[in-house]
Amino acid sequence: IGLIVPHGPAACPFGAFAVNSRLWPAVMQHEADPFPGEAPEVELMEPDSDRILPCYMAASLEHDGETFAALYPVDAPVSIAQEVDGRLIPLDDESSELLEACIKACAQRSIELLATPVVLTAAGSGLELIEDESMRSLEYGADGEDDDESEEALVIAQLTHKGREVTVVQTLDPLYVVGKQVQEGR
C-alpha cells in the first residue's frame, strides 16, 4: 500500500490514500494544478511495479475518522474489444503480445496507448481526430440482454491480431476509483 505525498505550495492536505481495488495500488500527489479550484492531480501506483495511473481527485470526505477520495483518470480510459455476433465485447485477454499490437495500431493514429493499472488509458493528438461516427456500444452483459451492462465508446484503432479482428475503444462513461487515506510513510 502506498500514499499521496503532497508537493508544491497548493498541495492536497489529505496525506496518503490507498486505493480500494483488486490491485490495491497506491496513490501519490503530483504538484498541484496552478489554477485555483481545479482538482489536484495524483498518481495511482500499482504495488510491486512501476505502473502508474495519473488521476485527478474529484472529491473527498471524512467517515468514522477516515478520509476517502474519489479519483478519475487524467487520460482517456480505453478498452480492448472484439466483435462477436455484431456486438462489441471487451476482451479478457490482454496479453503482452496483444497489448503491444494495440500500442502499435494506436501509434499509427498519433495516440499513445498506456499500460496503466486498473484501466488502460490513451493520450495524444490523435484522440482529437476521432469522429462521432465511430461511436459504438461496448457491451458487458451476457448475450446483450441488459442495456445497463453497456456503455458508449469511440473506436480509436482496429487491427488484426492472430487472425482475429480487435478494436481499441475510448470508453465515454466516467470512471472513478475510491481511495482511502492511510498513514504517511511507506
Side-chain angles (χ1 to χ4, degrees), residues 2 4-5 7-8 17 19 21-35 38-58 69-83 88-140 150-177 179:
I4 292 179
V5 178
H7 294 288
F17 285 83
V19 173
S21 78
R22 61 182 180 189
L23 295 175
W24 290 100
V27 181
M28 295 190 79
Q29 177 81 27
H30 266 283
E31 206 165 297
D33 195 325
F35 303 103
E38 294 289 317
E41 189 174 329
V42 297
E43 285 183 343
L44 192 66
M45 298 176 59
E46 186 175 49
D48 303 324
S49 84
D50 293 331
R51 294 184 342 144
I52 61 167
L53 176 63
C55 290
Y56 292 115
M57 187 181 314
L71 311 172
Y72 59 97
V74 169
D75 297 315
V78 173
S79 185
I80 299 173
Q82 181 176 9
E83 192 159 330
L88 199 56
I89 309 293
L91 286 175
D92 290 333
D93 169 29
E94 288 185 11
S95 66
S96 59
E97 236 179 73
L98 175 60
L99 184 58
E100 188 60 38
C102 291
I103 288 171
K104 287 179 184 176
C106 287
Q108 293 174 350
R109 300 191 70 189
S110 298
I111 298 169
E112 183 181 8
L113 182 61
L114 306 164
T116 49
V118 181
V119 63
L120 295 174
T121 55
S125 60
L127 288 173
E128 297 170 15
L129 304 175
I130 304 298
E131 298 182 17
D132 289 340
E133 291 82 38
S134 70
M135 182 103 40
R136 296 283 310 268
S137 181
L138 187 62
E139 299 183 22
Y140 298 99
S150 67
E151 70 177 300
E152 294 300 306
L154 293 173
V155 174
I156 60 174
Q158 293 180 301
L159 63 138
T160 302
H161 179 72
K162 292 188 175 181
R164 68 178 174 181
E165 295 297 314
V166 176
T167 304
V168 181
V169 296
Q170 173 187 348
T171 56
L172 300 179
D173 286 352
L175 172 73
Y176 289 93
V177 180

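Taking the side chain as every heavy atom from C-beta outward, T167 and Q158 approach each other to under 4.5 Å. I130 has its side chain within reach of R109: a pair of non-hydrogen atoms, C-beta onward, lies under 4.5 Å apart. In this structure the side chain of E152 reaches within 4.5 angstrom of the side chain of M135, judged on heavy atoms. Counting only heavy atoms from C-beta outward, the side chains of L91 and R164 approach each other to under 4.5 Å. Side-chain contact check for T116 versus P73: every heavy-atom pair is 4.5 Å or farther apart. A heavy-atom distance below 4.5 Å is found between the side chains of E165 and T160. Considering only heavy atoms from C-beta on, V168 comes within 4.5 Å of L159 through its side chain. Counting heavy atoms from C-beta on, the side chains of R136 and V169 never come closer than 4.5 Å.
The minimum heavy-atom distance between L88 and S137, with the atom names listed, is CB-O, 3.6 Å. Of all heavy-atom pairs between P90 and Y140, the closest is CG-CE2, 3.3 Å. Across P54 and E41, no two heavy atoms sit closer than the pair CB-OE2, 4.1 Å. Considering all non-hydrogen atoms of both residues, M57 and A39 come closest at O-CB, 3.1 Å. The shortest heavy-atom contact between E151 and L172 is OE1-N, 3.9 Å.
Here the OG-CD1 distance, from S96 to I103, works out to 9.5 Å after rounding to the nearest 0.5 Å. Note that the CG atom of L129 and the CD1 atom of I111 stand 8.0 Å from one another [nearest 0.5 Å]. In this structure, the separation between CG on L113 and CG on L99 is 5.5 Å, given to the nearest 0.5 Å. For the atom pair S79 OG and I156 CD1, the distance stands at 10.0 Å (nearest 0.5 Å). One distance of note links CG of L98 with NE2 of H161; it measures 5.0 Å at 0.5 Å rounding. Interatomic distance, SG of C106 versus CG of L120, reported as 9.5 Å (0.5 Å rounding).
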Kindly indicate, with the supporting measurements, whether the criterion side-chain contact (heavy atoms from CB on, under 4.5 Å) is fulfilled by V166 and Q82. CA-CA 5 Å; V166 176; Q82 181 176 9; 5.6 Å; no
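Ring geometry, Y72 versus Y176: the interplanar angle exceeds 60°, so the pair is classed perpendicular (tilted spans 30 to 60°).
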